[in-house]
K.L.:
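Let me begin by handing over the structure; questions about it come next.
Here is how names work: the chains are called A, B, and so on, in the same order as the sequence lines, proteins then strands, and each is numbered from 1. Because the structure is predicted, anything quoted here is derived from the model rather than measured.
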Amino acid sequence: MIPAHAIGVYRRNSWLLGWGGAFAVAIVVWLGADWWQWAVKAPKELSWHVEALGSCTSVRYCVTGFMKWMLGNEAYLFPWTFKEFTRAVAACIEMPYQFIRALLSTGFEIPLGNGEIWSIPAVSWIGLTIVTVLFAWRIKDGMLAVIVLLSFLCLVGFGQWESATVTLASIMVAVPIGIVFGVALGILGYRHKRFEQAIMPVLDLMQTVPIFAYLVPVLFMFGFGPVSAITATVIYAMPPMVRITILALHSVPFEIKEFGKMAGCNRRQITWRVLIPSAKPGLMVGVNQVIMLSLNMVIIASMIGAGGLGFDVLASLRRQAIGDGIEAGVAITLIAIVLDRLSQAWAVRGTAHHPSETPRNWFNQYRNTAYALVILLATTAAGFVVPFFSQWPETLELTTGQFWNDLVKWININFFDQLEAFKVFILLNILKPVKLFLLSLPWVVVLLFLAVAGLQLGGWRLAVLVVSLALFILITGQWEKAMITVYLCGISVVFASLIGMTVGVFASRNPVFKKIVIVSIDTLQTLPSFVYLLPVVMLFRVGDFSAMVAVVLYALPPAIRYTLYGIENIHESLVEAAKTSGCTRWQLLSKVQIRLAWPEIMLGVNQTVMFALSMLVITALVGTRDLGQEVYIALTKADVGRGLVAGLSVAFIAIITDRLISAAARRRKAALGL
Amino acid sequence: MARPEPILTCEHVWKIFGKNAERIFDGVPSTSEITSEDLRAASLIGAVREATIEVAEGEIFIIMGLSGSGKSTLLRCLSRLIEPTTGVITFEGENLLTKSEKEMIQIRRHKMGMVFQHFALMPHLTVLGNVAFPLEVQGIDRNSRHQKAREVIDLVGLSDRESYYPRELSGGQQQRVGIARSLAVEPKIWFLDEPFSALDPLIRREMQDEFLRIQSVLSKTIVFITHDFNEAIRLADRIAIMKDGAIIQVGTPEELVRTPADSYVEEFTNDLTKSKVFTARSVMAPKDPSLPSGGSVPDSIKIEEIAAEIVASEQPYDVVDAQGNIVGQLAREAVIDVLVGN
Ligand SMILES: Nc1ncnc2c1ncn2[C@@H]1O[C@H](COP(=O)(O)OP(=O)(O)O)[C@@H](O)[C@H]1O
Ligand SMILES: [Mg+2]
């Protein structure tokens, strides 16, 4: 047997050897940079000559070619060609969408035989507001009803109703599709271990590939329009539903499953009568997730054809007319808040017994639905007589657009110097040097460091994984852009983590502050990521600095949350032991709490990285020159290969960081014996 | 006394958890030759080992053992919720292990009922919905299933709670629902897996009385699991004691107390109030006609119930059987011996 201290010495030595060796190689490469140019400057995209084509091809051309081949009439997805398949899918999405949109927003126009058109108006805004408010009241309380009422009045009053209903229509199509497919895949995953193992990495990838990258192939398949937008939304919002379904089904108490069998349920009955209803609370969390993620997609989806509020925001961002965008952005946030609260209330709504035995009949069962229908019909019909019922009069519309534009102007006139000084200071002293440093790093050295980190933290498998992912980025010619992504993301994460940890630590000591912090981060997280861009662009205009600020804001919540969670989860007795041994508050914090919470904090940093990366791609809109921009350009050119390759590169950066940090957190946890 | 025909038997049943568990029997002439060492060497878990029991029609058969001794696994083998690794299980004279999935569904629907330790009620159904559920999956129409469900809900005394949801009920009430639900299909055999273990001691006692009352009405064949020897003694016709997956001894409560198979069984019986187990017949002496009689007691009565009376009396009591014949006599000293635990 090897004595324990000997193992310790050996470990430390191998650690020194690994990193020392890597540093030595780095210095050698750096000194010999003039001789070994190939090892320093990242190579051009790898391409090879194909005799048959008589030209060169590369990974991204292959992808584009493959897509084209699929869409041509040759690829069979039994029994249809791929093209017929996409058309069928498009029809399935288009029809309900058009119907709901007509119902909520535009009204129906039904041509009668004799050339006349019978037009039915859309549902009255008054009716929809009353019904939703009553619904909120019924499933939760007066408070929620008031929130719903105020939000709806805001939508109407600021003239956002029309766009809001268009957005709502696409959400109302995307969410059910996402739920149905998510639950179906989840059930398959629950039933078949193999399927679960196959689908999990795909879900991981789907959640790390930046949203923009989906847009390109979707756009390619369905063309510009609401179908593409809804499809992309579903792809983006569905993965958590699959995961949560599998998890919720697995966590149905063992005895309930056995009871299902003992009652003589067949397989179908066990799934639909026993498992799914018992797992309902868990599934509802998934439903809430799907709704929130769909809303998060609203603005991005408008790049490929979703109209409504998302389009308004995007258009104003493009015109840099912030004032116009803010109202639409706030409207999206209001819808997000309302749908979030409603779906959460619906999930935990207490079904209690009915004390008085009301006779069960058709009317009693559907009474509330019937009342709702009557209200909707009555108010809509009233619209024929009183125009107020069908449309909020334009003269009463409020607008704050001018105010915001003026505010921006005012800030820029009065605080331009201060803001600019701050921005330039950070740019010159932090952003630029880090960027230059990262760009000058020889790729050989980066790969070497990744390999050593992988080996040290998780063994050779991890090392092989991270190095091959990095190699993909290298051979597809994305190295430089990837480095810019790493630099922006890295700096933002450092800032976000520092701020997040500080806030988290303070929140853990002061209950009042904690409450405020939690409410704020909950609200921050319901905001669609785009909304963060508006005020930032307002203050700092476009560029790396704005991108960084937006990313820091967006990535802050997980850092705070995990720090708080980590510190609060330390066992009470440990804290007491430290106190009784005479620790000062600072010692308690630095010597006990932070150390023990470290694994959690690392996981928080990990989440921060994921959030930062997903936001970073969006900031391509404010003019960064990284992988995000690459995806964005591909999107505008509908270049599938380029978009996917760049998107995958972002995903791979995310996966590399995730695997390395998780491995480190696991090691730390094991070392602490947690 | 001839026992009625067994309705459920299991012979040489093994349940071994682990990879390739069934391979351990390859080339072994008799399953009983597999030892704990063999299992350990193959890093397998022998949850049930060589279990053989017979459950007679209408009896309360209790499986008793410490936690982890394999009771639940054995019970689930009997209903084939868990597939035994080897062995034979017969139910109503037919081998259960050769039944197809479809046949098992029919058997479970019509002939088996089960009560679970943690109730296993479905959170989204009312009491009525829960109890009617087994009937519903059979496709019985709403009116008849609700009528039947109301009957059993009445039997467990919850008629005023039928429109409540499980989480609105106390633990004891929830288990009453569990009991009602398992009885709704009028099962031939009734499995209960530690039904009262999750309840407070006071409620547990009340539920045991309730259980005995229900059984006096229905006379089901029952396989009941518990880790509580006192509970076993109170309820059982016969008890099987399990340890490390094997059945050590099967017998009436009295047989276990009188002739424990080994020190493990004796452990259980030690802190037991013997007066609750022993009947007048089991401690009586032969009738000595020369002594005057202080009174008479039936032979099947538990000592506990007559102790005060006999100890207070100078003369021994006559013990009479069901036909009224005097079969022996019970002196004060014998009763005191039982009371002090000798
Ligand atoms: N699915 C399983 N896989 C592996 N071991 C199991 C499994 N189920 C039960 N066991 C083991 O079998 C033994 C008996 O378990 P169980 O029948 O639940 O005991 P009891 O009900 O008497 O407490 C225990 O040691 C338990 O760990
Ligand atoms: Mg058990």
K.L.:
At a 4.5 Å cut-off on heavy atoms, which part of E101(B) comes close to chain A: side chain, backbone, both, or neither?
P.N.:
neither
K.L.:
For Q147(B) and N143(B), does a side-chain donor sit closer than 3.5 Å to a side-chain acceptor?
P.N.:
no
K.L.:
Can you tell which part of R80(B) gets under 4.5 Å to a heavy atom of chain A, answering side chain, backbone, both or neither?
P.N.:
neither
K.L.:
Chain A heavy atoms under 4.5 Å from F119(B): which part of the residue, side chain, backbone, both or neither?
P.N.:
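Contact with chain A involves the backbone of F119(B) alone.
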K.L.:
Does any heavy atom of chain A fall under 4.5 Å from the side chain of L121(B), the backbone, both, or neither of them?
P.N.:
backbone
K.L.:
Is it the side chain or the backbone of K280(A) that comes within 4.5 Å of chain B heavy atoms, both, or neither?
P.N.:
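Contact with chain B is absent: no heavy atom of K280(A) under 4.5 Å.
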K.L.:
Just by distance, do the side chain of K148(B) and the backbone of A132(B) share a donor-acceptor pair under 3.5 Å?
P.N.:
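Such a contact is absent between K148(B) side chain and A132(B) backbone.
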K.L.:
Using a distance-only test with no angle check, is there a side-chain donor-acceptor pair under 3.5 angstrom linking T9(B) and T90(B)?
P.N.:
yes
K.L.:
For the pair F196(B) and F211(B), name the ring-plane relationship: parallel under 30°, tilted 30 to 60°, perpendicular over 60°.
P.N.:
perpendicular
K.L.:
How about V156(B) and I214(B): do any of their side-chain heavy atoms sit closer than 4.5 Å?
P.N.:
yes
K.L.:
Any luck finding a side-chain donor-acceptor pair between Q117(B) and E255(A) under 3.5 Å?
P.N.:
no
K.L.:
Can you tell which of Q138(B), M114(B), R161(B), Q106(B) has the highest number of heavy-atom pairs within less than 4.5 Å of chain A?
P.N.:
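Answer, by heavy-atom pair count under 4.5 Å with chain A: M114(B).
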K.L.:
Kindly say whether G264(A) contributes a backbone atom to a donor-acceptor pair with the side chain of R109(B) at under 3.5 angstrom?
P.N.:
yes
K.L.:
Which answer fits Q269(A), side chain, backbone, both or neither, if we ask what part of it has an atom under 4.5 Å from a heavy atom of chain B?
P.N.:
side chain
K.L.:
Answer with side chain, backbone, both or neither: which region of V274(A) has an atom nearer than 4.5 Å to a non-hydrogen atom of chain B?
P.N.:
both
K.L.:
Given the options G260(A), P253(A), A263(A), which has more heavy-atom pairs under 4.5 Å with chain B than any of the others?
P.N.:
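Ranked by contacts with chain B, first place is A263(A).
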